[in-house]
Every structure is written in structure tokens, then in C-alpha cells.
Participant: 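Structure incoming, see below.
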Amino acid sequence: MNTHSLGTPTPQTYITTSAEQTQQLGRDLAKRVQAPRLVLLVGDLGAGKTTFAKGLIEGLGAARSDDVLSPTFSLIHEYEGNPKVYHIDLYRLDTLPQLDTLGLDDLWAENAVVLIEWGERFTAQLPGPRLEIRLEDRGGDERLISVVEPTI
Ligand code: ADP
Ligand code: MG
């Protein structure tokens, strides 16, 4: 029996065996991402969130992958392109007041693609619908990557 009802997201899953493959998956999936869109990158440290973001941002035409650096310390990087891309890392953010100082509210009004690493820590404060990319380290260079499409 098919237990999926309409509106239930069915993840699509991929296995990659190198950082380059994960980047390529990001490039490929860029075709399915249109602004305005929030993309949550979910996974532990070293799972490959930034690696995936490099490919996705390149696939969107906003920057070359080599020019995409982790926003761990600067918290937010902005790439002028069509669409405009914001790449955010909330790992070092501890509290909601700190989140407010980032000025995310203004970003949602822009016609941009907003990529967020560690966004699940503040999920109630982030708007939907969103595309969620889950990355899991399966040992060695193997990563299991699930794409959960928006529910609306
Ligand atoms: P995160 O942003 O989730 O902390 P990064 O993308 O910064 O992770 O780092 C992932 C690390 O894992 C990189 O050093 C990368 O070279 C390595 N790696 C090995 N195999 C893979 C893979 N299949 N996909 C992504 N990264 C991989
Ligand atoms: Mg990262």
C-alpha cells in the first residue's frame, strides 16, 4: 500500500564518493532551484555542506566554486548574480538575539537564493517553503545525500 499522501515529501537520495561528486550534484540540482528560495544544508561538521554549496552556487551562475569559501567566521557571504545568492553558516551563533543582528528578515524580501548551513538550529525563525539537503558521512569519502522537496 502506498502510504504517501499528497504533500508528504519523499526524499530523493544520492551517494557520492568524492568531494568533486558532491560539488557536481550541487551544480546539477541548481537547475531546480529558483529564487526566491531557502535551501537548508543539514549535516554534521565535515559532512559536505560547504562542498555542496560550492557546486550549487556555481550552478546558479553566481560565483566560481573556487571562490566560494565557508562563511563559518563571517557568518554570511553575498554573491551578486542572477539570482543573487546568500550563503550563511549559523554554527557559531548561539542565541536568537544574535540571529536578529544578522538582519535575515530583510533577505527574505529579496529575490534571492538563501543557502543556510546549521539552519535547523533555528528552524522556527526561518520562513518556508524550503528545499532541504541532508548530508551524512558514511565513512571514508562516502556521503549519503537526501533532497527533500518543499511540501507546498
Ligand atoms: P561541512 O560544511 O559540512 O562542515 P565541508 O564541505 O566543509 O563540510 O567539508 C567536507 C570534507 O569532507 C572536505 O574536506 C571534503 O574534501 C571531504 N569529503 C570527502 N568525501 C566527500 C564527499 N563525498 N562529499 C563531500 N565532501 C567530501
Ligand atoms: Mg561548512
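Both counts, for ligands and for their atoms, begin at 1 and track the order of listing. Everything numeric in this text was worked out from a predicted model, so none of it was measured.
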Participant: Between D141 and ligand 1, which residue portion shows a heavy-atom distance shorter than 4.0 Å: side chain, backbone, both, or neither?
Facilitator: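 Under 4.0 Å from ligand 1, D141 contributes backbone and side-chain atoms.
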Participant: Mind telling me whether W118 and Y91 have parallel, tilted or perpendicular rings, with 30° and 60° as the class edges?
Facilitator: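 Rings of Y91 and W118: tilted, 30 to 60°.
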Participant: What is the closest protein heavy atom to atom 25 (C) of ligand 1, and at what distance does it sit?
Facilitator: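 For this ligand atom, the closest protein heavy atom is T22 OG1, 3.4 Å.
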Participant: Show the atoms of ligand 1 that are less than 4.0 angstrom away from any heavy atom in E117.
Facilitator: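 Per the distance check, 2 (O).
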Participant: With heavy atoms of D44 as the reference, note each atom of ligand 1 found under 4.0 Å away.
Facilitator: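 Listed by number with element, the hits are 3 (O).
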Participant: Apply side-chain contact (heavy atoms from CB on, under 4.5 Å) to residues V148 and L40 and explain how you reach the verdict.
Facilitator: CA-CA 10 Å; V148 188; L40 286 187; over 6 Å; no
Participant: Within S70, is some N, O or S atom less than 2.8 Å away from the Mg ion (ligand 2)?
Facilitator: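 Given the 2.8 Å cut-off, S70 does not count as a ligand of the Mg ion (ligand 2).
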Participant: Of all the atoms in ligand 1, which lie at a distance below 4.0 Å from a heavy atom belonging to K49?
Facilitator: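 So the answer, numbered in order with elements, is 1 (P), 2 (O), 3 (O), 4 (O), 6 (O), 8 (O).
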Participant: Below 4.0 Å from any atom of ligand 1, is there a heavy atom belonging to R143?
Facilitator: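 For ligand 1, residue contact (heavy atoms, under 4.0 Å) with R143 is present.
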Participant: Return the residue, atom name and 0.1 Å-rounded distance of the protein heavy atom closest to atom 10 (C) of ligand 1.
Facilitator: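 Heavy-atom neighbour on the protein nearest atom 10 (C) of ligand 1: G46 O, 3.4 Å.
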Participant: What's the atom name of the N, O or S in E117 nearest to the Mg ion (ligand 2)?
Facilitator: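 In E117, the heteroatom (N, O or S) nearest the Mg ion (ligand 2) is OE1.
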Participant: My understanding is that we take every heavy atom of each candidate and find the minimum distance to atom 7 (O) of ligand 1. Doing that for T50, D89, L45, which one comes out nearest?
Facilitator: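 Looking at heavy atoms only, T50 sits closest to atom 7 (O) of ligand 1.
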Participant: Under the side-chain contact (heavy atoms from CB on, under 4.5 Å) rule, what do E149 and L131 come out as? Steps first, then yes or no, please.
Facilitator: CA-CA 5 Å; E149 295 278 2; L131 181 63; 3.7 Å; yes
Participant: Tell me the contacting part of S18 for ligand 1: side chain, backbone, both, or neither, using a 4.0 Å heavy-atom threshold, strictly below.
Facilitator: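 Near ligand 1, S18 shows its backbone, while the atoms from C-beta on stay back.
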Participant: Closer than 4.0 angstrom: is that true for some heavy atom of G43 and an atom of ligand 1?
Facilitator: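 Flag not set, G43 not near ligand 1.
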